[in-house]
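Every heavy atom of this structure was used, including side-chain atoms; hydrogens, water molecules and symmetry mates were not. Quick note: residue numbers are just sequence positions, from 1.
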Amino acid sequence: MNRAFNRKKDKSWMHTPEALAKHFIAYNVKFLGHTEVDQPKGTEVVKDAVRKLKFQKHIKKSEGQKIPKVELQISIYGVKILDPKSKEVQYNCQLHRISFCADDKTDKRIFTFICKDSESNKHLCYVFDSEKCAEEITLTIGQAFDLAYKKFLESGGKDVETRKQIGGLQKRIQDLEAENSELKKQLQVLEEQLMIAQVPPGSSMSSKTPTDIFDMVPFSPMTPLVPLPASNGSAPPPPARPTEISRDLFGAEPFDPFTCGAADFPPDIQSKLDEMQRQRWRGSKWD
């Protein structure tokens, strides 16, 4: 890796080797984005990339968009770009793929590095706004390179191959997690569609009248009978309650001659009754 700054020989590194070898150093910065470049290194290459992304930043600000904040995790294995809240890894730039790192001497906030993409094999320049600590971040990445190179010499080159395998496994894990998340969403959609298909449209389980074992609606004597409407649309008259008529032993209606009118009897019976009435009147008169 080439560094676009001149570090003095008597200047010591800012972090302990254990901090970068066993853990990582984190920085909160603003991410201007990344853009493809033609060359893997060069000061003019990164200057053009910075000008391009700064111009895009001004356009986004004029449209009301904010520059996203990210967290950088720097170690001897590479530079990770994460979401500061969810800690989700957005980019994982392995150290052996970073070919150039520089901070802008005219703007203490800006620093960049060029990394070769593992899938497209294109050289991408990443640009960050670091709140006036660009040189510190660049020095931290430089220290990570020195420690990684020493470890490479000590392991006889085996450590680089191991890091490549670990990087490939990490990428595979990320792909599987993304695929698993997508499958969960599809499964949820299918379950919702199945539930909708099982319920007939317009039906309501709560409004269904309970029935007995013969699928008959139970009869309640307290429930009034509602008459059906007549064919002409008017309501039918209420049913007449039959009056109870007392009958004799043989089932005939009782006869009361004193309560019945003259028109209630046949002519022959009526004449006999008139005769009996006259005789009774005559007898009472002579007596």
- Note on the structure: Nearest heavy-atom approach of Tyr126 to Cys115 is CE1-CB, 4.0 Å
- Query: Any side-chain heavy-atom pair from Ile25 and Gln143 closer than 4.5 angstrom?
  - Reply: no
- Note on the structure: When rounded to the nearest 0.5 Å, the distance separating NZ of Lys122 from CG of Asp117 is 8.5 Å
- Message: Apply side-chain contact (heavy atoms from CB on, under 4.5 Å) to residues Lys69 and Asn28 and explain how you reach the verdict.
- Response: CA-CA 7 Å; Lys69 294 181 179 180; Asn28 291 320; over 6 Å; no
- Quick one: NZ on Lys47 to SG on Cys125, what's the gap to the nearest 0.5 Å? 13.0 Å
- Task: Please answer whether the main-chain N or O of Glu177 pairs with a side-chain N or O of Ser181 as donor and acceptor at a distance below 3.5 Å.
- Result: no
- Message: Are there over 12 heavy-atom neighbours, none belonging to Gln65, within less than 6.0 Å of that residue's CD?
- Response: yes
- Message: Glu135 vs Thr138, test: side-chain contact (heavy atoms from CB on, under 4.5 Å). Steps then yes/no.
- Response: CA-CA 5 Å; Glu135 185 177 1; Thr138 309; 5.6 Å; no
- Group every Ile, Leu, Val, Met, Phe, Trp and Tyr by side-chain heavy-atom contacts under 4.5 Å, then state whether Leu53 and Ile110 land in the same group. yes
- Item | Exceeds 12 heavy-atom contacts within 6.0 angstrom, atom NZ of Lys57 | yes
- Message: Side chains of Ile137 and Asp103, heavy atoms from C-beta outward: is any pair under 4.5 Å?
- Response: no
- Group every Ile, Leu, Val, Met, Phe, Trp and Tyr by side-chain heavy-atom contacts under 4.5 Å, then state whether Val79 and Phe145 land in the same group. yes
- Query: Which heavy-atom pair separates Val46 from Thr43 by the least distance, and what is that distance?
  - Reply: CG2-O, 3.0 Å
- Got more than 12 heavy atoms from elsewhere within 6.0 Å of CD, Gln186? yes
- Query: For the atom pair CG (Leu139) and CD1 (Ile74), what is the distance rounded to the nearest 0.5 Å?
  - Reply: 10.5 Å
- Message: Could you check, using the six-membered ring where one of them is a Trp, whether Tyr27 and Phe128 have ring centers closer than 6.0 angstrom?
- Response: no
- Using a 4.5 Å cut-off on heavy atoms from C-beta on, say whether the side chain of Leu147 contacts that of His15. no
- Task: Check the hydrophobic clustering (I, L, V, M, F, W, Y; side-chain heavy atoms under 4.5 Å; chains of links allowed) and say if Val50 and Leu32 are grouped together.
- Result: yes
- Query: Are the side chains of Leu187 and Lys185 in touch, meaning some heavy atoms are under 4.5 Å apart?
  - Reply: no
- Message: Evaluate Val45 against His123 for side-chain contact (heavy atoms from CB on, under 4.5 Å), listing each step before the verdict.
- Response: CA-CA 11 Å; Val45 175; His123 295 285; over 6 Å; no
- Going hydrophobic residue to hydrophobic residue with side-chain gaps under 4.5 angstrom, can you get from Phe113 over to Val29? yes
- For residues Tyr91 and His34, establish whether the separation of their ring centroids is below 6.0 Å. yes
- Message: Taking Pro40's backbone N and O only, do any of them form a donor-acceptor pair with Ser99's side chain (distance below 3.5 Å, no angle check)?
- Response: yes
- Compare all side-chain heavy atoms of Leu20 with those of Thr140 and state whether any distance is below 4.5 angstrom. yes
- Query: Is Asp129 paired with Arg109 through a side-chain N to carboxylate O contact shorter than 4.0 Å?
  - Reply: yes
- Do Glu63 and Ile59 come close enough that some side-chain heavy atom pair is under 4.5 Å? yes
- Rounded to the nearest 0.5 Å, what separation is found between the CG atom of Asp175 and the CG atom of Asn180? 12.5 Å
- Side-chain contact test, heavy atoms from C-beta onward, threshold under 4.5 Å: evaluate it for Phe24 versus Leu72 and give yes or no. no
- Any side-chain heavy-atom pair of Asn121 and Lys116 under 4.5 Å: yes
- Item | Over all atoms of both residues, closest heavy-atom pair of Ser130 and Lys108 | OG-O, 4.1 Å
- Item | Atom pair NZ (Lys60) and CD1 (Ile67), whose distance is rounded to the nearest 0.5 Å | 6.0 Å
- Of all heavy-atom pairs between Ile98 and Cys93, which one has the smallest distance, and what is that distance? CD1-O, 4.2 Å
- Task: Examine Phe111 and Leu124 and state if one hydrophobic cluster contains both, with Ile, Leu, Val, Met, Phe, Trp and Tyr joined whenever side-chain heavy atoms are less than 4.5 Å apart.
- Result: yes
- Message: Other residues, nucleotides and ligands only: do more than 12 of their heavy atoms fall within 6.0 Å of NZ on Lys87?
- Response: yes
- For Ala144 and Leu95, the nearest pair of non-hydrogen atoms, with its separation, is O-CD2, 3.6 Å
- Atom pair CD/CD of Glu136 and Glu131 - distance to nearest 0.5 Å: 13.0 Å
